Amino acid sequence: MTDFLWGSATAAYQCEGAWHEEGKGLSIWDDYFHSDKCPAHVENGDTASDHYHKFEEDFKMMKEGGQNSYRFSFSWPRIMPDGTGKINPQGVAYYHKMIATMRQYGIEPNVTLYHWDLPLSLHKKGGWENIETAFAFAEYAKFCFHEFGDSVKLWATLNEPFYSLLCMYGSGNYPPNVKDAQRLLHAAYIQMYASALAANEFRKLENIGQLGIVADIHPCYGVDDSEACQFAVQMADHIMNNWVLDTAFKGYFPQQLLDELAKQYDLSFMKEEHRAIFDKGTLDFVGLNYYNRAYIRPYTTGESFVLVNNSGSKNSGIRETGKVKRMMVVKNMFEKIADPNGTFTEWDFEIYPKGIYDAVKMVQKKYGDLPIYITENGIGLHEKLINHTVDDTARISFMQRHIDELPKAKKEGVAVMGYYVWSTFDLYSWINGYDKRYGLVYVDFAHENKRYPKQSYVWYKNFINNWRELYETKYGH
Ligand code: BG6
């Protein structure tokens, strides 16, 4: 493997398309978008970026753009249509072909096993609220480790357990569209158990590479230093970060959080007999998806809630310029607010580059010298194709300012091993549809998904070619 991985990332549902081709089963998202549960104006990922048919063109562009690694996910229902049991040989053949092609272009695969496309059959039996889903995941993971273990050396179990389950069971904007903290906790426990079970399978194999998890990381900052605020920050950090990371790297959930949660919720789903699996299920590396920080103050009043801007317009109610607005409340614990002086994207994500430095330092402090990959970092923009390209200077500035935080951390001994831009090309942004573009490459969704490199693609290519000299001059390494 090359020494530092510079790449970009995607996820199966968001880019592959071919939602019903070559034996693929249905996922919870396919079902949602093809049912009356989904609002009529919401687009779907049926065709998405058509990566399923265009992957070679995409890898060629990655190679020409200087990238040496691709982070992507396997579609669980493409490999196991019902989530367990029967294998779809065409799906397996597809991923073999895709990985072989990637390697021909000198691109190192970094595979995430689950990026939110839960097989529908499992969802119908309770999904992440049913412990059987954890066993099914371990079965699927074991199959993939055996089948692809020769060609894939970097594996991750789950993508963003915190954020995805928050959307599924907290804000209710992702299927199954539930707003229930008790159910959210249960699902969040089962997902971490699924990851640990998969890790137990992985440890039975030799020479198979490394297994990690991809977490959305939210460095937490208090509005002041008061005791109440310190408690709020600690709780926010436990819920947003430590629930996943302590469990994945220390072998169990943070006790202080469990004590607090037990005052409000029924935790009887946590079984003593699972402890050994968690204990033996720790992982080798962490993937951090960094988009923004969490600005925290003590809890004031009202029930728990979370707001997400899926509208694409500024000040859509989630935030008001110059005013403090609560974006997330966890009753009796903390409130996440929008900094009235912060800078925000069109979708109300705060732009806070220093947070990526604080995040990797925090991970090193808590978990030691763990290899860290920045597995996603990027900005969603409204964009237009003009003269066969997109002038995305806002993205270039975003990337430059975030990447610039990393060499200092590396110099201070943090084991940052790679960086992946979200995303390789424009793709489907969940319920934001196609308007929120993240790609280094523009996809013309209306005209056969033709690809056009943006200015950021060119900038990234030049940066990758020169980064050693750049940082040697700046940081002396
Ligand atoms: C991450 C996910 O949360 O952020 C991606 O891993 C997602 O799947 C990305 O697309 C950006 O979020 P969004 O909602 O703007 O598409």
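All ligand and atom numbering here is 1-based and tracks the order in the structure. Since the model is a prediction, treat every value here as computed from it, not as a measurement.
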Nearest atoms (heavy-atom pairs only) where A136 meets T84: CB-CB, 4.1 Å
Top protein contact for atom 13 (P) of ligand 1, by heavy-atom distance: S429 OG, 3.3 Å
More than 12 heavy atoms from other groups under 6.0 Å of NZ on K97: no
Identity and distance of the protein heavy atom lying nearest atom 10 (O) of ligand 1: Q14 NE2, 2.9 Å
Residue, atom name and distance, where the atom is the protein heavy atom closest to atom 12 (O) of ligand 1: Y438 OH, 3.6 Å
Partner of N110 under side chain to side chain donor-acceptor pair (under 3.5 Å), chosen from W155, Y420, Y373: Y420
Atom NZ of K142 with >12 non-hydrogen neighbours under 6.0 angstrom: no
Atom 7 (C) of ligand 1 [closest protein heavy-atom partner, distance rounded to 0.1 Å]: W430 NE1, 3.6 Å
Minimum-distance protein heavy atom relative to atom 3 (O) of ligand 1: E160 OE1, 2.6 Å
Parallel, tilted or perpendicular: ring planes of F74 versus F148, cut at 30 and 60 degrees: tilted
Pair R71-S8, side-chain donor/acceptor within less than 3.5 Å: no
Intermediate values then yes/no, salt bridge (charged side-chain N to carboxylate O under 4.0 Å, His left out), K366 and D246: CA-CA 9 Å; K366 286 185 192 167; D246 276 18; 5.6 Å; no
Per-residue contact class, W347 against ligand 1 - non-hydrogen pairs under 4.0 Å: neither
Min heavy-atom dist D216 to ligand 1 below 4.0 Å: no
H53 and E21 side chains, donor-acceptor separation under 3.5 Å: yes
For N432, the ligand 1 atoms whose distance to one of its heavy atoms is below 4.0 Å: 13 (P), 14 (O), 15 (O)
Under 3.5 Å: N/O of Y163 near N/O of ligand 1: no
Heavy atom of the protein closest to atom 2 (C) of ligand 1 (residue, atom name, distance): E376 OE1, 3.4 Å
For atom 9 (C) of ligand 1, the protein heavy atom that lies nearest, with its residue and separation: Y291 OH, 3.5 Å
Residue K436 vicinity, atoms of ligand 1 by number, heavy atom under 4.0 Å: 13 (P), 15 (O)
Ligand-residue contact atoms, ligand 1 with N159, heavy atoms, under 4.0 Å: 6 (O)
Atom indices of ligand 1, in the order listed, that fall short of 4.0 Å to a heavy atom of H115: 2 (C), 5 (C), 6 (O), 8 (O)
Mutual orientation of the aromatic rings belonging to W422 and Y438 [parallel < 30°, tilted 30-60°, perpendicular > 60°]: perpendicular
